[in-house]
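Right, one structure below, let's go through it.
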Protein chains: 4
Amino acid sequence: MTSSPSGRPLRADAVRNRAKVLAAAEEVFAVRGTSASTEEVARKAGVGIGTVFRHFPTKESLLEAVLVALLERLAAEAEGLRTADDAGAAFFGFFRRVVAQAAAKQAVTEALAEAGVEMSADARAATGRAGPDLRAALGALLERAQEAGAVRADVGPAEVMALLAGMSYAAARAGAHEDVLRFAFDGLRPRP
Amino acid sequence: MTSSPSGRPLRADAVRNRAKVLAAAEEVFAVRGTSASTEEVARKAGVGIGTVFRHFPTKESLLEAVLVALLERLAAEAEGLRTADDAGAAFFGFFRRVVAQAAAKQAVTEALAEAGVEMSADARAATGRAGPDLRAALGALLERAQEAGAVRADVGPAEVMALLAGMSYAAARAGAHEDVLRFAFDGLRPRP
Amino acid sequence: MTSSPSGRPLRADAVRNRAKVLAAAEEVFAVRGTSASTEEVARKAGVGIGTVFRHFPTKESLLEAVLVALLERLAAEAEGLRTADDAGAAFFGFFRRVVAQAAAKQAVTEALAEAGVEMSADARAATGRAGPDLRAALGALLERAQEAGAVRADVGPAEVMALLAGMSYAAARAGAHEDVLRFAFDGLRPRP
Amino acid sequence: MTSSPSGRPLRADAVRNRAKVLAAAEEVFAVRGTSASTEEVARKAGVGIGTVFRHFPTKESLLEAVLVALLERLAAEAEGLRTADDAGAAFFGFFRRVVAQAAAKQAVTEALAEAGVEMSADARAATGRAGPDLRAALGALLERAQEAGAVRADVGPAEVMALLAGMSYAAARAGAHEDVLRFAFDGLRPRP
DNA sequence: TATGAATGAGGTTTCATTCAT
DNA sequence: AATGAATGAAACCTCATTCAT
């Protein structure tokens with residue numbers, strides 16, 4: 001899972017440092033935006049600037065890694081809800097939690113957008129399996145919720161992803177909260 | 001309205017230059033993102049870099065001016081719909097057109113987010129009257145649509161602004177279109 | 001002659017600064033080798049680092065400009081000797097002076113090598129007309145010296161350029177002087 | 001002869017590694033120039049970067065070792081020709097072969113220049129016995145060639161070394177070959 | 001007023017060297 | 001002894017901003 005570009009497994013301390021750098025990057029980019037300097041990431045991680053570049057040879061690759069990590073976390077969370085008792089609650093709850101995270105971490109929104117339906121070839125390459133994984137897991141939640149009658153039948157996973165990205169953006173930037181989600185959710189429910 | 005930083009009215013050619021710079025900035029930032037260089041804006045406008053900084057003393061002030069211009073345009077459009085015959089069509093049509101614009105110009109999304117409900121003091125100072133103007137005009141459209149029974153009564157202008165920003169973002173980044181708006185609009189309609 | 005990339009003539013002060021930078025670069029690279037830093041050149045020239053990069057957008061382009069300047073100077077010198085009375089003295093004297101210069105400035109040798117007979121397409125593009133100009137001027141000197149019987153008839157300009165480059169290198173690095181040129185010159189004279 | 005920096009004799013595998021590193025350095029520096037990274041040498045040698053620095057504690061010491069190895073090889077070759085039948089052919093043949101090698105490996109030229117007549121104290125310390133050895137062996141070839149009447153009597157070993165370095169440079173950089181050597185050799189032959 | 005050359009802080013990236021494993 | 005991750009100084013280059021022309 002965590003292996004060097006040469007294919008060999010990383011040394012234990014290298015793994016630790018890689019994780020420290022990634023965590024620091026996530027936080028710094030969330031707070032300061034993606035234009036924050038790599039040097040600040042290094043400082044926050046408590047490592048030398050050279051260490052950051054050993055693990056992520058360009059700033060872009062570091063940004064990508066942050067996105068991938070976020071997507072993987074979300075996909076895992078969705079995956080865990082696949083067998084929940086109440087399919088509707090699982091679906092809407094997941095949606096709600098993603099948006100809440102986005103309100104705290106701007107990067108989440110960008111990650112969602114990148115993972116979105118019609119990705120560019122570049123973005124697809126960048127996020128690797130993480131984007132498709134999330135879409136698949138979300139698709140499964142959606143399907144079960146539809147079967148349970150909690151979500152209308154004429155919605156597709158692509159539309160849900162787009163709504164998710166949009167609501168996350170709104171939460172992060174325009175200060176939207178529960179109030180706004182109410183309407184979005186009503187739009188997804190079967191018309192009475 | 002168009003006056004130099006020193007407060008004096010601008011000479012005719014200075015007014016023309018200011019407009020040229022603004023138009024160029026709008027295009028350059030739309031295409032290249034806000035990290036495009038001021039120099040590129042000057043080149044596109046066909047003026048010297050010094051001229052750009054004479055009219056907009058910092059890059060940030062130039063970005064703000066672009067936002068304000070966009071907001072003013074949207075507010076004017078909304079204003080023009082205030083007396084439309086079909087209040088529901090006016091409201092949803094305006095929403096749709098804003099999102100369509102956003103799909104083409106990323107800056108629109110950012111402008112909407114900045115104009116959003118609970119703006120920071122900084123942003124408020126930056127966008128001046130443009131944000132409130134848009135919110136007021138949109139509020140009027142909303143109210144009339146609600147009176148006409150086209151939009152549910154428990155929505156406020158703040159929520160609409162947030163939805164607008166979110167859907168614009170989704171359109172610009174995640175490739176969402178009409179398909180997604182369908183659900184958002186259904187969420188805003190009165191429950192049958 | 002000295003014009004900006006955009007084709008317009010440079011402002012007077014810009015011309016002065018360009019010359020200062022070029023002179024500084026010549027000296028710094030001569031003393032410290034081509035791996036000397038661009039910052040040192042800026043310091044020596046008494047300008048900011050940004051100024052160096054405004055005139056020469058990459059370090060490579062600065063190195064090229066130094067080479068070109070050297071080649072142009074040599075070509076001009078050779079050109080001036082075209083009508084000298086004693087064609088043999090003109091030829092050998094020029095050769096000698098070039099080697100003496102090379103002993104002081106390492107860059108001269110590199111310039112000669114770049115200007116040499118079978119240049120790569122890259123180098124040709126880099127040195128522009130400067131290399132061919134020098135070869136042409138040197139060729140003229142050679143021809144007249146051959147007609148005057150001072151140089152053997154079976155030497156071509158390409159061989160002379162190669163000898164020139166080689167002797168310059170020897171002078172600069174291995175400390176060769178007049179003693180060594182004696183033999184090289186004897187090799188170029190008609191066999192008695 | 002091959003001992004670690006600490007003076008102790010090396011283990012057999014350490015000797016092998018030292019040789020691997022040296023061979024890799026020779027090739028890498030020949031192809032990429034002396035600014036190639038130490039890391040690339042390590043990669044080519046198939047060892048870790050730490051191993052390179054264990055054997056050659058600075059990059060400069062590695063470069064020196066490459067030079068010394070080249071000089072030793074040339075000195076050995078010259079040594080082997082000391083008793084050749086045709087002293088003139090031996091001398092000129094050796095000269096020719098050195099130049100041919102230099103055309104392929106830039107480092108040869110630098111090695112020759114370093115080994116040249118009036119070395120700096122630094123360079124002398126660096127190349128150790130290798131420079132003097134080559135000069136001595138070349139001097140012997142020269143002397144015998146002079147006794148045989150193949151080379152003029154007024155040339156000294158210092159001048160020959162300088163010519164050798166210069167012609168090697170010309171061969172490596174300016175693409176000179178046999179054509180140019182003809183004239184250099186004629187310059188060394190007795191005037192008829 | 002308009003121009004664009006000059007400035008220099010700051011960003012990304014490389015690499016010789018050190019040191020824990 | 002060998003490894004390769006960590007280090008950080010220093011390189012190249014960009015760009016918002018200032019200022020002489």
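In the text below, chain A, chain B and the rest are named by the order of the sequence lines, each starting its count at 1.
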Pair A:E26 + A:R73, salt bridge at N-O below 4.0 Å: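 Between A:R73 and A:E26 there is a salt bridge, with a charged N closer than 4.0 Å to a carboxylate O.
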Salt-bridged, B:E39 to B:K44, with N to O below 4.0 Å?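 Here B:E39 does not pair with B:K44 in a salt bridge, since their nearest N and O are not under 4.0 Å apart.
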Whole angstrom value for the distance that separates [atom2] of [N] from [atom1] of [X]:
X: C:H55; N: F:dC13; atom1: NE2; atom2: P; value: 16 Å
X: B:L63; N: F:dT17; atom1: CG; atom2: C1'; value: 15 Å
X: A:F56; N: F:dA6; atom1: CZ; atom2: P; value: 11 Å
X: A:R32; N: E:dG11; atom1: CZ; atom2: C1'; value: 15 Å
X: D:E60; N: E:dA16; atom1: CD; atom2: P; value: 12 Å
X: D:E39; N: E:dT13; atom1: CD; atom2: C1'; value: 14 Å
X: D:K20; N: F:dA1; atom1: NZ; atom2: P; value: 16 Å
X: D:F29; N: E:dC15; atom1: CZ; atom2: P; value: 12 Å

State, to 0.1 Å, how close A:A36 and A:F29 come at their nearest heavy-atom pair, and which atoms those are.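 Heavy atoms of A:A36 and A:F29 come nearest at O-CE2, 3.7 Å.
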Given [options], identify the nucleotide with an atom nearest to the side chain of [X].
X: C:K59; options: F:dC12, E:dA9, F:dT17; value: F:dC12
X: D:I49; options: E:dT3, E:dT17, E:dA6; value: E:dT17
X: A:F53; options: E:dA6, E:dT14, F:dT17; value: E:dT14
X: D:T58; options: F:dA6, E:dT12, E:dT17; value: E:dT17

For F:dA9, which nucleotide is its Watson-Crick or G-U wobble mate, given both distances must be under 3.5 Å?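 Base partner found: E:dT14.
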In Watson-Crick or G-U wobble terms, both distances under 3.5 Å, what is the partner of F:dA1?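 The answer is none; no pair meets the criterion.
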[X] side-chain N/O to [N] phosphate OP1/OP2 under 4.0 Å:
X: A:T38; N: E:dT12; result: yes
X: B:R54; N: E:dT1; result: yes
X: A:T51; N: F:dA5; result: no
X: C:N17; N: E:dA6; result: yes

To the nearest 0.5 Å, how far apart are CG in D:L22 and NE2 in D:H55?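 Answer for the CG-NE2 pair, D:L22 versus D:H55, is 10.5 Å.
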Earlier contact from the 5' end, DNA chain E, for B:V47 and C:G48: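 Whichever sits nearer the 5' end wins; that is B:V47.
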Which residue, A:S35 or A:D13, contacts DNA chain E at a nucleotide closer to its 5' end, judged by nearest heavy atom?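 This one resolves to A:S35.
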With C:V66, the side chain to side chain contact (heavy atoms under 4.5 Å, CB included) member among C:L70, C:V68, C:L63: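 Of the listed options, the one satisfying the test is C:L70.
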Is A:K20 atom NZ crowded by more than 12 heavy atoms from other residues, nucleotides or ligands, each under 6.0 Å away?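 Atom NZ in A:K20 is packed in, count exceeds 12.
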Across the strands shown, which category fits B:S37 at heavy-atom distances under 4.0 angstrom: base, sugar-phosphate, nothing?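 B:S37: backbone/sugar contact only, no base atoms under 4.0 Å.
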Considering heavy-atom distances to DNA chain F, does C:G50 or B:G50 have its closest nucleotide positioned more toward the 5' end?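 Counting from the 5' end, the first nearest nucleotide belongs to C:G50.
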